[in-house]
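The shown structure was predicted, so the numbers you read here are calculated from the model rather than taken from an experiment. As the structure lists them, so they are numbered: ligands from 1, and atoms in each ligand from 1.
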Amino acid sequence: MELLDWDARTYDTLPLPHRHWGENLLARLPLVGTEAVLDLGCGTGRDTERLLDRLPAGRVVAVDGSARMLAELRARLPRAGDRLTVRQADLREPLRLAEPVDAAFSVATLHWLPDHDTLFHSVAAALRPGGRFVAEGGGRGNVAGVLRALAEVTGRDDEDRFWNFPDVDETVRLLRRAGFPDPEVELVPDPARLTAGEPLEAFLGTVVLGAHLRELPADQRRPFVRAVAERLPEPVVDYVRLRIHAVRR
Ligand SMILES: C[S@@+](CC[C@H](N)C(=O)[O-])C[C@H]1O[C@@H](n2cnc3c(N)ncnc32)[C@H](O)[C@@H]1O
């Protein structure tokens, strides 16, 4: 399936819970300031920027599949120079870097990748021995209420078509197989309450339903998002986050 290109402009204007997901993850990544860090699914570069702030003598390799997200990232970080390498790549495919990195980081991207075995092998190949992998994404049960509303609108169950919301055991098994012997993985409910009406619809349309909207003619997109929003019992996106902290063998 062709990769989704995101509405990067709208994305950065939204009240994104991704901000605190990124902050929480950065707090779990000890850095002295000289390391090389891989940002997987960097999007518009909000956390890439925070990583660069913590790496005055280090560098970041920022990878994403969306040209529009990467254009926003470049605009955000015009002066990063050779401390920043930006790479457009499809993370469903194996990723190979020219040089190993000391850590890998990822916010809100894993659930868009159907095959975590491939991804975790890419991360292990990119990391030096002892390198740390901190990541988070949608886990088992993520956005279940939105999926129920979607099923009422479309008449089908769409979870497996676009998303991968794995559980802890499966993730631990795949991480071990890829070369992370003792991973910590947890599932954490983290519902996001939004303002009903236009703000909720802009959020759903940009952050959650982009893959669905791409399949619809332009004039049906807004009504589709509104129909899903109206079927939510309250203006809440019931996120359940899968958090990973792992060290490469
Ligand atoms: C919800 S955004 C998260 C962006 C950023 N990490 C943040 O927290 O704001 C998900 C990102 O994953 C990227 N993505 C989704 N599937 C991808 C794939 N197969 N290969 C590379 N990037 C992908 C999207 O382009 C998007 O930038």
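A donor and an acceptor atom, one from each side chain of Trp163 and Asn142, are nowhere located under 3.5 Å apart. Side-chain contact, His212 with Arg221: no donor N or O sits under 3.5 Å from an acceptor N or O.
Close N/O approach between Val107 and ligand 1 is found [any backbone or side-chain N/O within under 3.5 Å]. Between Leu91 and ligand 1, at least one N/O pair is under 3.5 Å apart. Considering backbone and side-chain atoms alike, Tyr11 places an N or O below 3.5 Å from some N or O of ligand 1. Checking only distances, Asp90 does come within under 3.5 Å of ligand 1, N or O to N or O.
Distances below 4.0 Å separate heavy atoms of Met69 from the following atoms of ligand 1: 27 (O). In summary, the atoms of ligand 1 found under 4.0 Å from a heavy atom of Arg46, numbered by their order in the structure, are 7 (C), 8 (O), 9 (O). Heavy-atom proximity to Ser66, at under 4.0 Å, picks out these atoms of ligand 1: 25 (O). The Leu113 neighbourhood of ligand 1 comprises atoms 17 (C), 18 (C), 19 (N), with distances under 4.0 Å to a heavy atom of that residue. Numbered from 1 in the order shown, with element, the atoms of ligand 1 that lie under 4.0 Å from a heavy atom of Ala89 read 20 (N), 21 (C).
Contact annotation for Val207 and ligand 1: no heavy atom of the residue comes within less than 4.0 Å of the ligand. Counting heavy atoms closer than 4.0 Å to ligand 1, residue Ser106 contributes nothing at all. Neither the backbone nor the side chain of Thr44 has a heavy atom within less than 4.0 Å of ligand 1. If you look at Trp6 next to ligand 1, the close heavy atoms, those under 4.0 Å, all belong to the side chain.
Heavy atoms of Cys42 come nearer than 4.0 angstrom to ligand 1 in at least one pair.
The only option from Leu242, Val240, Leu187 that meets the side chain to side chain contact (heavy atoms under 4.5 Å, CB included) definition with Arg140 turns out to be Leu187.
The nearest protein atom to atom 26 (C) of ligand 1, hydrogens excluded, is given as Asp64 OD2, 3.6 Å; this is a heavy-atom distance. For atom 16 (N) of ligand 1, the nearest protein heavy atom (residue, atom name, distance) is Trp112 CB, 3.6 Å. Considering only non-hydrogen protein atoms, atom 22 (N) of ligand 1 sits nearest to Gly65 N, 3.0 Å. Annotation: atom 5 (C) of ligand 1 to nearest protein heavy atom, Gly41 O, 3.4 Å. Nearest protein heavy-atom neighbour of atom 11 (C) of ligand 1: Thr109 OG1, 3.5 Å. Closest to atom 10 (C) of ligand 1 among all protein heavy atoms lies Ala108 O, 3.3 Å.
Salt bridge Arg28/Glu136: absent, no basic N to carboxylate O contact under 4.0 Å. Under the 4.0 Å criterion applied to side-chain N and carboxylate O atoms, Glu35 and Arg132 are not assigned as salt-bridge partners. A salt bridge between Arg50 and Asp47 is present, with a side-chain N of the basic residue lying under 4.0 Å from a carboxylate O of the acidic one.
Not one N or O on the side chain of Asp238 forms a donor-acceptor pair closer than 3.5 Å with the backbone of Pro191.
A tilted orientation is assigned to the rings of Phe165 and His111, their planes being inclined by 30° to 60°.
Proximity of Arg54 to Val37: side-chain heavy atoms (C-beta onward) are nowhere separated by under 4.5 Å. Leu204 places none of its side-chain heavy atoms less than 4.5 Å from the side chain of Leu194.
Residue Leu213 is grouped with residue Val153 when hydrophobic side chains (ILVMFWY) are merged at heavy-atom distances under 4.5 angstrom, including chains of intermediate members.
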Inset, instruction - Please assess Phe180 against Phe120 for the test ring-ring contact (aromatic ring centres under 6.0 Å, His included), listing each intermediate value before the final yes or no. - result: CA-CA 9 Å; Phe180 299 92; Phe120 295 161; 7.2 Å; no
